[in-house]
Amino acid sequence: MRSPETIGPLLTRYAASKSLLPGAHIHASLLKSGLLATFCNHLISFYSKCRLPGSARRVFDEIPDPCHVSWSSLVTAYSNNALPRDALGTFRAMRARGVRCNEFALPVVLKCAPDAGLGAQVHAVAVATGLNGDIFVANALVAMYGGFGHVDEARKVFDEAGSQRNAVSWNGLMSAYVKNDRCSEAVEVFGEMVWSGLRPNEFGFSCVVNACTGSRDLEDGKKVHAMAVRTGYDRDAFTANALVDMYSKLGDIHMAAVVFGKVPETDVVSWNAFISGCVLHGHDQHALELLLQMKSSGLVPNVFTLSSILKACAGAGAFDLGRQIHGFMIKACADSDGYVGVGLVDMYGRHGLLDDARKVFNWWIPRKDLLFWNALISGCSHEGCHGEALSLFCRMRTECFEVNRTTLAAVLKSTANLEAISDTRQVHALSEKIGFLSDPHVVNGLIDSYWKCNCLHYANRVFEEHSSDNIIAFTSMITALSQRGQGEDAMKLFMEMLRKGLEPDPFVLSSLLNACASLSAYEQGKQVHAHLIKRQFMSDVFAGNALVYTYAKCGSIEDADLAFSGLPEKGVVSWSAMIGGLAQHGHGKRALEVFRGMVDERIAPNHITMTSVLCACNHAGLVDEAKRYFNSMKEMFGIDRTEEHYACMIDLLGRAGKLDDAMDLVNSMPFEANGAVWGALLAASRVHRDPELGKLAAEKLFILEPEKSGTHVLLANTYASAGMWDEVAKVRKLMKDNNVKKEPAMSWVELKDKVHTFIVSDKSHPRARDIYAKLEELGDLMTKAGYVPNADVDLHDVDRGEKELLLSHHSERLAVAFALISTPAGAPIRVKKNLRICRDCHVAFKFISKIVSREIIIRDVNRFHHFSDGACSCGDYW
DNA sequence: ATAGGGTTAG
């Protein structure tokens, strides 16, 4: 037996190193020698630290008359071993017995308080016993109030602590603000602490970094980072991880990578922080690469990692990996974590695998909370099962009771697509009732839904109520306007937003780029690009993709290419945008090369990519390649053929003159042929002079799309191309009888900040005189160069000379002439047109491009034509 | 050298 005075320190040492066996041995010998009561407090503490609160309790029960230290040690044993109810019960028993409450018991009891009410009762005990003056107790009170959302109470306790305040007090107060979404105040508290002369420790640094993250304040964050480097606290594991989290959450992926590389001991949390930031900002592919690196560094991903990675899988189309994670989870029984389940429902939902999503949803009994419902409802909205989304929403209201902004936003997407005005109004009323009308996402959903339901009045009202300080409301309106072709109004609204002092973010700029794309506003697109650079948004994946798309739509495939090469990360959307752009510009071979590059990079194509690929084959006349892709896409990429793929294929076969093959495909496809299919066949029948097929297609179109005037014109042209003039006359009479009007052909050209609109024989433009003079001048030069007008197929009921004059006054010619007299020599000219370019203008622009030595780029409804030096990029195949 | 308070990833 050891000498009694060494026993206490020994037990303390065993407790610190959790050496259970030697400690238990001492316990036994104390029992034997009858000295237990002397060292009972050491023993209770020892068992508590060894995570054996039951043994601590048995020691306590052996003591005939436990003192206040024994009592508070037992309370601590329960509290520190996650038994809050036992801790509280023991505390009550101790109070009931009249045992003195000391300053050690209160903090651990406060940690166990289930709500602020009980916490306040403990606070009252502290005041009654005068223990509230103890700084440990005060700090614990600050933490308790902070944790239950009573920040102002926490502040009061903090203030009352006066000169006793220490670093823990400051950190606790900061944490209280951070936990209650008052991050900028937390940053201020940090400033006060520094000002008061107290040097922040590692807790303070990690806490203030989180505050900067929460208040999205990168400027302050960088200052704190610099300060941490100066004081060496950037080497602290928590602070380093918090810095990684800050940079990656705030979108500075580059700095996140730098800081991540300097984390002294990279752990799962560091990886998770970095990976989740990547996913948050759309760098899905990067996130997946990080997972591999993480695994090869020997760390095991946990549920945090997996739920981030599932999002990345959903975004990047890395669907096999998603399935592997699902399998891994079933095996590892990691299903208790709801986040991963939600990630699975979300991933399957976004992949169009609604059955799998439903299965996971129905199988995940343990925690079917709000998030699960949201994931499934979002999946349904996403996949177009809008009716199911609505009925799930109703079921949810009875089974789950809770609804949040994600739910509302998802269900509004469905009411929008169903154009269900009364449902939209009901969701609007519910949002108002439960206080979500201040939420930007809900406002966004409402505006969008009212737009789609054609209720401009309500959309405007919601917008005006929230427009003053809400950038998301502006973004919704700008998106809605640009999607409805009101690009100019979208630009105006953006200017208004700037005037109101709202800082543009990547979302609104991406939306604005779409407006530029729809307007073919190249110059304005470049300005938005400049905004993106100036505000350091170039690492934003969405904005980057929008740039590719916009430059392509504005006729500059070179700029699109540059934007594409500069993307920080290329996802399926980026590749598809580039392939689609190349396809529209007639660079079929290059589009296919890019597609092969995409496959080499192991980016899984989706159905949109495949449409672009087929479209590329179409514009370049690559029939065999198209057939190969069309026939093997299911097998190679797991993509089912959609109506669009069939329409594209039928168009391609028709254009190539394989009308029989095209009809075979129409008859064998699993869809009812739609307007796009018959339209393609009608166009093909005109080019390849098959009036019989033209008649059939036109008859279908008269039923399917009676509102479209183009059908009559194309049919008449088909007859005209086959020399069937009687039939031409019949169609013309039919048009007159049915009062069908040709959709007016229009062209647009951008000059500086303004888009100029022209219609045929337009005289309304302020510079009309100069424009017509230019056309006349060009006409002479063209005739000298060998140009012969081709007026055979024009439907206007006028004599030949007049027809030729009309041709030379087509809207695209006016637009080109206007650009010629308004822009410097040699500058390329970009014109957008609402119909297909006419044959005669196509010939004329070839001549003009050579005469004036300019590149003329025409975007028609179908594709781009680049005229340069007497030739067109389409090779006259269109 | 008997007990207590504040920090990280979805």
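The model shown is predicted, which means the values in this text are computed figures rather than measured ones. Residue numbers start from 1 in every chain, and the chains themselves are labelled A, B, ... in the order their sequence lines are given, proteins ahead of strands.
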Expressed as a whole number of angstroms, how long is the span from [X]:[atom1] to [N]:[atom2]?
X: Arg100(A); N: dG4(B); atom1: CZ; atom2: P; value: 17 Å
X: Glu202(A); N: dT7(B); atom1: CD; atom2: P; value: 12 Å
X: Asn166(A); N: dG5(B); atom1: CG; atom2: C1'; value: 8 Å
X: Asp267(A); N: dT7(B); atom1: CG; atom2: C1'; value: 13 Å
X: Phe205(A); N: dT7(B); atom1: CZ; atom2: C1'; value: 13 Å
X: Glu103(A); N: dT2(B); atom1: CD; atom2: C1'; value: 13 Å
X: Leu310(A); N: dG10(B); atom1: CG; atom2: P; value: 15 Å
X: Ile26(A); N: dT2(B); atom1: CD1; atom2: C1'; value: 14 Å

Sugar-phosphate, base or nothing in reach of [X], heavy atoms under 4.0 Å:
X: Asn210(A); value: sugar-phosphate
X: Val108(A); value: sugar-phosphate
X: Asn80(A); value: sugar-phosphate
X: Ser72(A); value: base

Please give me every residue in [range] whose heavy atoms get under 4.0 Å of an atom in DNA chain B, ordered by residue number.
range: residues 231-260 of chain A; answer: Phe238(A), Asn241(A), Asp245(A), Lys249(A)
range: residues 169-198 of chain A; answer: Asn171(A), Ser175(A), Lys179(A)
range: residues 146-156 of chain A; answer: none

| request: State yes or no: are the ring centers of His123(A) and Tyr145(A) separated by less than 6.0 Å? | output: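 When the ring centroids of His123(A) and Tyr145(A) are compared, they turn out to be within the sub-6.0 Å range.
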| field | Centroid-centroid distance, Phe436(A) to His441(A), less than 6.0 Å | value |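 For Phe436(A) and His441(A), the ring centres are not under 6.0 Å apart.
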| task | For the residue pair Asn272(A) and Asp245(A), confirm or rule out a side-chain donor-acceptor distance under 3.5 Å. | result |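 Checked: Asn272(A)/Asp245(A) side chains show no N/O donor-acceptor pair below 3.5 Å.
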| With no hydrogens and no angle check, do the side chains of Arg323(A) and Tyr348(A) hold a donor and an acceptor under 3.5 Å apart? |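 Tyr348(A) and Arg323(A) do have a side-chain donor-acceptor pair below 3.5 Å.
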| query | With a 3.5 Å cut-off and just heavy-atom distances, do the side chain of Asn201(A) and the base of dG6(B) make a donor-acceptor pair? | reply |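 A donor-acceptor contact between them is present.
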| request: Return yes if the base of dT2(B) and the side-chain atoms of Ser45(A) contain a donor-acceptor N/O pair under 3.5 Å, otherwise no. | output: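 Looking at the base of dT2(B), it does not pair with any donor or acceptor on the side chain of Ser45(A) (distance under 3.5 Å).
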| Pair Arg155(A) + Glu192(A), salt bridge at N-O below 4.0 Å |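 Looking at Glu192(A) together with Arg155(A), the answer is yes, because their closest N to O distance falls below 4.0 Å.
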| Below 4.0 angstrom, N of the basic side chain to O of the carboxylate: do Asp152(A) and Lys156(A) qualify? |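 Salt bridge between Asp152(A) and Lys156(A), a charged N being under 4.0 Å from a carboxylate O: no.
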Between [options], which nucleotide has the shortest distance from any of its atoms to the side chain of [X]?
X: Phe203(A); options: dT2(B), dT7(B), dA9(B); result: dT7(B)
X: Asn102(A); options: dT2(B), dG6(B), dA3(B); result: dA3(B)
X: Ser206(A); options: dT7(B), dG4(B), dA1(B); result: dT7(B)
X: Phe104(A); options: dA9(B), dG10(B), dG4(B); result: dG4(B)
X: Val69(A); options: dA3(B), dA1(B), dG6(B); result: dA3(B)

Would you please confirm or rule out a distance under 4.0 Å between OP1 or OP2 of [N] and any side-chain N or O of [X]?
X: Lys49(A); N: dA3(B); answer: yes
X: Lys111(A); N: dG4(B); answer: no
X: Asn302(A); N: dG10(B); answer: no

| said: Using the salt bridge (Lys or Arg N to Asp or Glu O under 4.0 Å) definition, which of the options Lys223(A), Lys222(A), Arg216(A) pairs with Asp220(A)? | reply: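 Going through Lys223(A), Lys222(A), Arg216(A) one by one, the salt bridge (Lys or Arg N to Asp or Glu O under 4.0 Å) with Asp220(A) is satisfied by Lys223(A) alone.
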| said: With the six-membered base ring of dG4(B) as reference, does the ring of Phe136(A) sit under 5.5 Å away with planes under 30° apart? | reply: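 Phe136(A) vs dG4(B): stacking yes.
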| Close side-chain approach of Leu250(A) and Cys212(A), heavy atoms under 4.5 Å |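 Answer no - side chains too far apart.
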| query | Under a 4.5 Å cut-off applied to non-hydrogen side-chain atoms, are Lys311(A) and Ser307(A) in contact? | reply |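 Sidechains of Ser307(A) and Lys311(A): no contact.
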| query | Tell me, which pairs form a side chain to side chain donor-acceptor pair (under 3.5 Å) where one or both residues lie in residues 101-118 of chain A, sequence neighbours left out? | reply |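 Checked against side chain to side chain donor-acceptor pair (under 3.5 Å) - neighbours excluded - the pairs reaching residues 101-118 of chain A are His68(A)-Asn102(A), Ser72(A)-Asn102(A), Asn80(A)-Lys111(A).
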| message | Under the side chain to side chain donor-acceptor pair (under 3.5 Å) definition, can you give me all pairs with a residue in residues 274-284 of chain A, not counting sequence neighbours? | response |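 Residue pairs with at least one partner in residues 274-284 of chain A: there are none.
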| query | Has the side chain of Ser73(A) got a donor or acceptor atom that lies under 3.5 Å from a matching backbone atom of Val69(A)? | reply |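 Confirmed, Ser73(A) side chain pairs with Val69(A) backbone.
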| message | Run the salt bridge (Lys or Arg N to Asp or Glu O under 4.0 Å) test against Asp65(A) and tell me which residues pass, sequence neighbours left out. | response |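 For Asp65(A) there are no salt bridge (Lys or Arg N to Asp or Glu O under 4.0 Å) partners, ignoring immediate neighbours.
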